[in-house]
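Structure first, then comments.
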Amino acid sequence: MDVFGIVTQVVSLSFFRFSGPAARFWALWMMGGARWPLSRTPDIGFWKLCGSGIGEGFTPIPNTGVYAILATWPDAETAQARTQQGIFGRYIKRSVENWTVFLQTQTVRGQWSNQTPFEPTTGPTTGPLAALTRATIKPRILTRFWGRVPNISKIIGQDPNVAFKIGIGEVPMLHQVTFSIWPSETAMAGFARNGPHAEAIRAVREEGWFREELYARFAVHSDRGTWNGTSPLKNLEAA
């Protein structure tokens, strides 16, 4: 159930940090090897395995030590349980650090792999929010896209309001995801409407950079674990 006592979909996004060649090789191999056990996980809905990039958003440089699993679940209790068992448990055991954030969709538009994976819930949008942007980039505009994006990544990393930010993706260069957590809708909107990010959004619309795109906003439900030694949600207090 959500905070209002209504059964609703919960989205989990789990991050795993691996240290040493053997663990990193295992994590890379599991980008293929984990697909079957994930598909067999009880109660799981939509799911995606992702690698990560070095930077604060879309980035072409891979980080071989960090991987992520996104999944949808029928409710919060199931999400909490399943993300500690089975294939998730194997990732936890192999990693040196892991963190999972649980989310409830507020708004979503677009598709991911020809699906609409997230189910919006009704309710107030006060409190911390998370933003997820996913895009399949058209190969013909790769040079133009990657010429602009590093500036956006630099700006988001310097924003004092953002509590957590990372770039992940299914396919390097072509399938990219940004995920960030903000203390409020006002802080999130302030970044999106100004500077390089706003310029890039205009270019996306005018020039058609993406073959497929999805934009989602979530209420932050809860989290488990640590990242860089602490819960990133504690950064919300500082922000």
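Keep in mind it's a predicted model, so treat the numbers as computed, not measured.
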Is there a side-chain contact between [X] and [Y] in this structure, where contact means two heavy atoms from C-beta onward sitting under 4.5 Å apart?
X	Y	value
Tyr67	Met31	yes
Leu132	Val177	yes
Gln9	Pro120	no
Leu70	Trp47	no
Glu213	Arg134	no
Val108	Leu214	yes
Phe18	Asn98	no
Lys48	Ser113	yes

Can you name the closest pair of heavy atoms from [X] and [Y] and give their distance?
X	Y	answer
Ala219	Leu129	CA-CD2, 4.1 Å
Asp75	Val10	C-CG2, 3.7 Å
Ile44	Thr41	CG2-O, 3.2 Å
Ala23	Ser19	CB-O, 3.4 Å
Gln84	Gln80	NE2-O, 3.0 Å
Ser95	Ile92	OG-O, 3.0 Å

### Message
The test is side-chain contact (heavy atoms from CB on, under 4.5 Å); show your working for Trp99 and Asn228 and say whether it passes.
### Response
CA-CA 10 Å; Trp99 178 62; Asn228 295 320; over 6 Å; no

Are [Y] and [X] co-members of a hydrophobic cluster defined by side-chain heavy atoms under 4.5 Å apart?
X	Y	answer
Trp29	Trp36	no
Leu103	Ile181	yes
Ile69	Val220	no
Leu49	Ile168	no
Leu28	Ile87	yes

Would the distance check show the side chain of [X] and the main-chain N or O of [Y] forming a donor-acceptor pair, the cut-off being under 3.5 Å?
X	Y	result
Ser14	Ala68	no
Arg35	Met30	no
Gln115	Gln111	no
Gln106	Ala130	no

Do [X] and [Y] have a side chain donor and acceptor closer than 3.5 Å?
X	Y	value
Asp223	Ser231	yes
Thr226	Glu97	yes
Ser12	Trp73	yes

### Task
Give the C-alpha distance, both sets of side-chain angles, the deciding distance and a yes or no for side chain to side chain donor-acceptor pair (under 3.5 Å) between Trp182 and Ser180.
CA-CA 7 Å; Trp182 304 79; Ser180 55; 2.8 Å; yes

### Task
Give the intermediate values and the outcome of side-chain contact (heavy atoms from CB on, under 4.5 Å) for residues Val66 and Ile166.
CA-CA 10 Å; Val66 174; Ile166 193 168; 4.2 Å; yes

### side-chain contact (heavy atoms from CB on, under 4.5 Å) between Leu38 and Phe88, worked out
CA-CA 8 Å; Leu38 270 172; Phe88 288 89; 3.8 Å; yes

### Query
Between Phe15 and Phe179, what is the ring plane arrangement, given parallel below 30°, perpendicular above 60°, and tilted in between?
tilted

### Message
Distance to the ring centre below 6.0 angstrom and angle to the axis at most 45 degrees; does that hold for Arg17 and Trp227?
### Response
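Judged by the rule (NZ or CZ under 6.0 Å from the ring centre, within 45° of its axis), Arg17 counts as positioned above Trp227.
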
### side chain to side chain donor-acceptor pair (under 3.5 Å) evaluation trace for Thr105 with Glu119
CA-CA 6 Å; Thr105 309; Glu119 301 173 4; over 6 Å; no

#### Entry: Non-neighbouring partners of Tyr91 that pass ring pair (Phe, Tyr, Trp, His ring centres under 6.0 Å), sequence neighbours left out
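Here the qualifying residues are Phe16, Trp26.
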
### Message
Is the distance from the ring center of Phe46 to that of Trp112 below 6.0 Å?
### Response
yes

